[in-house]
Amino acid sequence: MNKTATEQQIDSVVEKIKHLGHGVNISRGTNRIVIGAIGDESKLTPEMFDPMPGVEYSMHIVKQYKIVSRESHAENSIVHVRNIPIGGEKIQIIAGPCSVETQEQMDLAAQQVAAAGCRLMRGGAFKPRTNPYTFQGKGVDGLAIFRTAADKYDLPIVTELMDIRMLDTFLEQDVDLIQIGTRNMQNFDLLKEVGRINKPVILKRGLSATINEWLMAAEYIAAGGNHQIIFCERGIRTFETAYRNVLDVTCIPVLKRETHLPVIIDPSHAGGKAWMVPALSRAAIAAGADGLLVEMHPNPCEAWCDADQALNPQELTELMQSLKGIANAIGRSL
Ligand code: PEP
Ligand code: MN
């Protein structure tokens with residue numbers, strides 16, 4: 001309450017809290033009076049109290065995200081994609097092209113991803129492009145191409161879902177790990193739908209989303225019953241223009257403290273240039289990330305999308321080698 005709040009104003013707040021079915025605890029300090037509401041916090045919002053005369057401000061004490069919070073689950077959770085654990089001692093590198101282009105390209109990419117020692121493959125069939133006149137992805141055909149290529153090397157597939165109407169098709173193609181992209185982090189209807197299915201989900205961070213907003217978005221998925229969620233930092237937008245986005249390495253320890261769920265890093269969309277990818281990847285693993293989502297193309301110069309940031313197969317193999325040392329140094333393995 002304000003310093004100048006009257007007893008009558010304090011009583012009104014107390015009455016309102018009681019009327020809403022909560023207990024009240026009043027703490028009278030020398031300068032301030034703090035009124036605590038005791039009970040189910042989800043029933044109360046700051047907007048119910050902020051406009052009342054005498055109120056300085058009101059806030060939730062307990063975190064708004066519950067299922068995803070470490071408070072609710074102290075141990076690290078491991079999300080299994082088929083039989084591959086993400087979030088345990090082993091670090092998982094998910095590699096593949098930005099986009100599914102042709103069967104030949106995906107067959108070759110799958111072979112190269114497997115040869116480099118990666119256990120999962122990425123590739124977008126539905127692409128969220130900034131420019132509506134550029135390649136928008138191969139769509140449903142792309143999913144089938146991806147499935148065929150990845151099955152030859154027994155690689156689970158990771159691909160982006162942009163539209164609820166495609167969810168059944170994703171399930172028919174048995175997409176192993178559904179990616180919710182940056183631009184859809186707060187598409188709450190989409191989050192609710194993937195919350196109702198039994199498939200692991202990668203939730204990328206929104207372009208300018210705070211960590212709290214990101215955790216709340218994950219809670220939307222978890223609230224529907226699907227707790228198989230992997231956070232993916234892919235760089236955030238700042239004033240810097242020297243690279244595509246700023247990789248927020250700081251979010252790794254913060255998320256690790258706030259949530260029990262796995263955290264992976266996409267160094268490709270962060271840096272936006274292939275030559276930045278190894279350094280960002282090493283930083284991410286050293287900081288405690290559980291894995292990476294990396295773009296690799298059999299022939300980057302020919303890529304239909306994000307050509308600048310794609311590693312070539314040789315660079316992916318070298319990256320895997322250099323990450324082994326870092327993983328070992330922090331008591332993990334690749
Ligand atoms: C992607 O991973 O292909 C992609 C489009 O990423 P983001 O949503 O992070 O931009
Ligand atoms: Mn891309």
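Basis for what follows: all heavy atoms, side chains included, without hydrogens, waters or symmetry-related copies. The model shown is predicted, which means the values in this text are computed figures rather than measured ones. All ligand and atom numbering here is 1-based and tracks the order in the structure.
The atom name of the N/O/S atom in Asp306 closest to the Mn ion (ligand 2) is OD2. When distances from the Mn ion (ligand 2) to the N, O or S atoms of Glu295 are compared, OE2 comes out shortest.
Which parts of ligand 1 touch Arg122 is read off a 4.0 Å heavy-atom cut-off, strictly below it: atoms 1 (C), 2 (O), 3 (O). Under a 4.0 Å criterion applied to the non-hydrogen atoms of Gly181, ligand 1 contributes the atoms 8 (O). Remark: ligand 1 atoms within the under-4.0 Å shell around heavy atoms of Arg183 are 7 (P), 8 (O), 10 (O).
At least one side-chain heavy atom of Leu215 sits less than 4.5 Å from a side-chain heavy atom of Glu258.
Counting only heavy atoms of the protein, atom 8 (O) of ligand 1 lies nearest to Thr182 N, 2.9 Å. Of the protein's heavy atoms, Lys204 NZ, 2.9 Å lies nearest to atom 6 (O) of ligand 1.
With Tyr220 as the aromatic partner, Lys192 does not meet the cation-pi criteria of under 6.0 angstrom to the ring centre and within 45 degrees of the ring axis.
Taken from CG in Leu293 to CD in Gln92, the straight-line distance is 12.5 Å, to the nearest 0.5 Å.
A salt bridge links Arg244 with Asp306: at least one charged nitrogen is closer than 4.0 Å to a carboxylate oxygen. With respect to Arg205 and Glu233, a salt bridge is recorded, a charged nitrogen being found less than 4.0 Å from a carboxylate O.
Using the six-membered ring where Trp is involved, Phe135 and Trp304 have ring planes that are perpendicular, over 60° apart on the 30 and 60° scheme.
Of the angles at the Mn ion (ligand 2), the one spanning NE2 of His269 and SG of Cys98 is 160° when given to 10°.
Taking only non-hydrogen atoms, the option from Arg234, Arg244, His269 nearest to atom 10 (O) of ligand 1 is Arg234.
Within the 4.0 Å heavy-atom shell around ligand 1 one does not find Arg205.
Heavy atoms of other residues, nucleotides or ligands lying less than 6.0 angstrom from CZ of Arg82 number more than 12.
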